[in-house]
Amino acid sequence: MRDLFERFKVIPVLIFAELKDAAPTAAALISGGLPVLEVTLRTDAAWNALENIIAAHPDAVTGVGTVLEPEQMMRAKEIGAKFAVSPGFDPLLAAAAREQDLFYIPGVATASEVMLARRAGFRFLKFFPAEAAGGKAMLQSFASPFNDITFCPTGGVNAENFNDYLTLPNVACVGGSWVATAADMERGDWQGIAAKAHAARTVAGPSHPARD
Ligand code: 3PG
C-alpha cells in the first residue's frame, strides 16, 4: 500500500459538501492521473461519497481521512476503504486499525508525536498541519534524528509548494485539497480538477525511492 503513495505522490484530500460531487470528482482525479483518494469524514455526505467512489472505481485506491473514532475504522473497512488517515496520533485508533487490518497513516506535528507513533510501530506518518507546523524546514530537521521515518505532509500544501516537499528524501508523498476544492465542485469544474491532477502528476514526475 505504501508503494502506491510513493508512486502517485499527490493524494487529493476530498471534502464533499454534496454527495452528487463525489462520482465526477473522483472520475476527474483518476483521469488526471491521481487514483489514490482520501475522502475526509468531515461532512454528512462523506460515508455515502466513499461508498459511491469505491463502487464506481474499484481499481482506484480510496481511503478515509479525518478518522477520529475507533468505530470509523470498522465502518471504513466494511465499506472497502483501502487506508485510513488521522490528523493526529491516538493509540486507540492505531489499535483499531490493526484490528481491522486497515493500512493506517497517523498524523504527527512534533518530535514527541513522531516518537510515540514510532513506538507504536508506524514508520509512515502524515505531517499535519504541514505549513503551520514548520513546513519543509521542520521535515528537514526530522530527517536526521528520525532516519527511519517517511512523511506525507498535508495542510497548507498547494500547487506552488508541493514539489518543494517532494524533493525531501524523507517525504514519500503529499496530500492536499487544492486539486479538488469546494469551489471547483460548486462550479462543477470537472475539467479543471482533471487538469490540476494532471499538472500535479506531471510536476511530481516518476517516483523516487523513499526510506523503508
Ligand atoms: C488534511 O486533512 O489533510 C487537510 O485538511 C488538508 O489540508 P489543505 O486543505 O490545507 O490541503
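Numbering of ligands and ligand atoms starts at 1, following listing order. For the single chain, residues carry numbers from 1 onward in sequence order. These numbers were taken from a predicted model, which means no experiment stands behind them.
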remark   = Tightest non-hydrogen contact, residues N161 and G156, listed as ND2-O, 3.1 Å

note = Within 4.0 Å of some non-hydrogen atom of T154, the atoms of ligand 1 are 1 (C), 3 (O)

request  = List every atom of ligand 1 that sits less than 4.0 Å from any heavy atom of F128, numbering the atoms from 1 in the order shown and giving each element.
outcome  = 1 (C), 4 (C)

request  = Provide, to 0.1 Å, the distance between atom 10 (O) of ligand 1 and the closest protein heavy atom, together with that atom's residue and name.
outcome  = G156 N, 2.7 Å

query = Which of the numbered atoms in ligand 1 are below 4.0 angstrom from a heavy atom of G176?
reply = 11 (O)

request  = Would you check, one step at a time, whether the test salt bridge (charged side-chain N to carboxylate O under 4.0 Å, His left out) holds for R98 with D101?
outcome  = CA-CA 5 Å; R98 283 226 168 85; D101 194 23; over 6 Å; no

ask   = Non-hydrogen atoms of K126 versus ligand 1: any pair closer than 4.0 Å?
value = yes

ask   = Closest approach of F122 and I149, non-hydrogen atoms and distance?
value = O-CD1, 3.8 Å

inquiry  = Return the OG1 to NZ distance between T62 and K82, rounded to the nearest 0.5 Å.
reply    = 6.5 Å

ask   = F124 vs F103 aromatic rings, parallel, tilted or perpendicular, using cut-offs 30° and 60°?
value = tilted

inquiry  = Between K9 (side chain only) and A204 (backbone N and O only), is there a donor and an acceptor less than 3.5 Å apart?
reply    = yes

request  = Name the closest protein heavy atom to atom 9 (O) of ligand 1, giving the residue it belongs to and the distance to 0.1 Å.
outcome  = S177 OG, 2.6 Å

key: V13 heavy atom under 4.0 Å from ligand 1   = yes

ask   = For atom 7 (O) of ligand 1, what is the nearest protein heavy atom, given as residue, atom name and distance?
value = G155 CA, 3.4 Å

message = Please check whether T40 reaches ligand 1 - meaning an N/O of the residue sits under 3.5 Å from an N/O of the ligand, judged on distance alone.
response = no

ask   = Would a line drawn from the ring center of F83 to the ring center of F5 be shorter than 6.0 Å?
value = yes

task = Please indicate whether any nitrogen or oxygen in R42 is less than 3.5 Å from any nitrogen or oxygen in ligand 1.
result = yes

